[in-house]
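A short write-up of the structure that comes next.
Below, each value reflects all heavy atoms present in this structure, side chains not excepted, and no hydrogens, waters or symmetry copies. Chain A is the first sequence line, chain B the second, and so forth, proteins listed ahead of strands; every chain is numbered from 1.
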Protein chains: 2
Amino acid sequence: MVDIKNTYTTEIEALFYAYQAFTSASDQHLATLGLGRAHHRILYFVGGAPNLSVGELLQKLQISKQALSAPLRQLQAQSLVVGAVSPEDRRVKLLRLSTEGERLLDTLLGLQTDLLERTFLQFSAEDRQMWLALTQTMAGHGPKMDNS
Amino acid sequence: MVDIKNTYTTEIEALFYAYQAFTSASDQHLATLGLGRAHHRILYFVGGAPNLSVGELLQKLQISKQALSAPLRQLQAQSLVVGAVSPEDRRVKLLRLSTEGERLLDTLLGLQTDLLERTFLQFSAEDRQMWLALTQTMAGHGPKMDNS
DNA sequence: TTTTTATGTCAACCATATTGACATATTATT
DNA sequence: AATAATATGTCAATATGGTTGACATAAAAA
């Protein structure tokens, strides 16, 4: 069956379960706060580029503004994300993380980091570099993104 | 910001975008058939273990029978999956792929294989082995599964 | 003054999941 | 033979995370 017809079944399964491992810890932690992956992605992009406008965030997330609305409103209601009117253009709202929001993002990144660290511990620095290079190459073969 | 506080941002991003690349081609192909990832996982598990019972499939998928119901019914309606009463226990329904279902699964696996092949082409056989070993180790650090 | 832009909200819809309740057929137990 | 347990299936209500379309408002640009 599958194993006979396809040479890469092992790699496909490894990647599937590795990604599950990669997301499960943060997913669980988010769930205890009543948050999901949508909130995680917002925290990630806003944390990585403070004073991001709503429009810029939408471009990064590649979702509709209606889809962003609910989770962003929640994050603002919980004071994890704060928005301020841009001094340059009063139509624009600039988003950044509150101290609490940064702390949560750190926790989430820490959970993912823990997995990577535990994994890399069993391999050499060269192996780690190779893994990253190969994974980045794979990412580069992905769907074309509009980073215009 | 994030880059300062966390050493593994590069690896985290690489894995995120690699997984996106990994799933996008098959997701797109499934969409043209009016199917989604739920159907893909059913095809994958039934294809990998023909004459699987509904209960066994549920254990592998780790979802509720209500969540399985709709996509499985669709696959049966499209004659991609066929079910037959077990000769040993007439309560049990054994699932397998039709020829058409196997063809679709092959196509989907082929799309994922293409990405892996294109990626591995740029690396040595040792690098590929390393990547697999590391990715499998990472998968092993995932959430404990009930394979009782 | 008019138009464009940035944001935001309402409504309807879809996909994928959940839990609870219940029905049916079949097998196992008492 | 009657009863209990098992395997499947369905109905309803709910949640999350998306979609499109329509429309409102404030501010900047034409």
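If you take CG on A:Leu61 and CG on A:Leu72, they are separated by 9.5 Å, rounding to the nearest 0.5 Å. Rounded to the nearest 0.5 Å, atoms CD (B:Gln112) and CD1 (A:Ile12) are 4.5 Å apart.
The phosphate of C:dT27 has neither OP1 nor OP2 within less than 4.0 Å of any side-chain N or O from B:Arg91.
For the contact set between residues 75-86 of chain A and DNA chain C, defined by any heavy atom under 4.0 Å, there are no members.
In this structure, the CG atom of B:Leu72 is 13 Å from the P atom of C:dT16, given to the nearest Å. Distance B:Gln62 CD to C:dT18 C1': 14 Å, rounded to the nearest Å. In this structure, A:Leu68 places its CG atom 15 Å from P of C:dA6, rounding to the nearest Å.
Distance alone, capped at 3.5 Å, is enough to place a donor-acceptor pair between the B:His39 side chain and the B:Gly36 backbone. Listed for the B:Ser69 side chain is no donor-acceptor partner under 3.5 Å among the backbone atoms of B:Lys65. A donor-acceptor pair under 3.5 Å is formed between the side chain of B:Ser98 and the backbone N or O of B:Ser79. With hydrogens and angles disregarded, a donor-acceptor distance shorter than 3.5 Å links the side chain of A:Thr137 to the backbone of A:Ala133.
Backbone-only contact: A:Ala38 has heavy atoms under 4.0 Å from sugar-phosphate atoms and none from a base.
Nucleotides of DNA chain D lying under 4.0 Å from heavy atoms of chain B occupy a range whose first and last members, 5' to 3', are D:dT6 to D:dC11.
Looking only at atom types and distance, the side chain of B:Ser86 has no donor-acceptor partner in the side chain of B:Asp89 under 3.5 Å away.
In terms of position along DNA chain D, the nucleotide closest to A:Gly34 lies nearer the 5' end than the nucleotide closest to the other residue of the pair A:Arg90 and A:Gly34. Residue-to-nucleotide proximity on DNA chain D shows that, of A:Lys65 and A:Glu88, the 5′-proximal contact is made by A:Lys65. Along DNA chain C, the nucleotide nearest A:Arg73 and the nucleotide nearest B:Pro87 are compared for position; the residue whose nucleotide lies closer to the 5' end is A:Arg73.
The closest side-chain heavy-atom distance from A:Leu35 to A:Leu104 is below 4.5 Å.
Here B:Tyr19 and B:Phe22 bring their ring centres to under 6.0 angstrom of each other.
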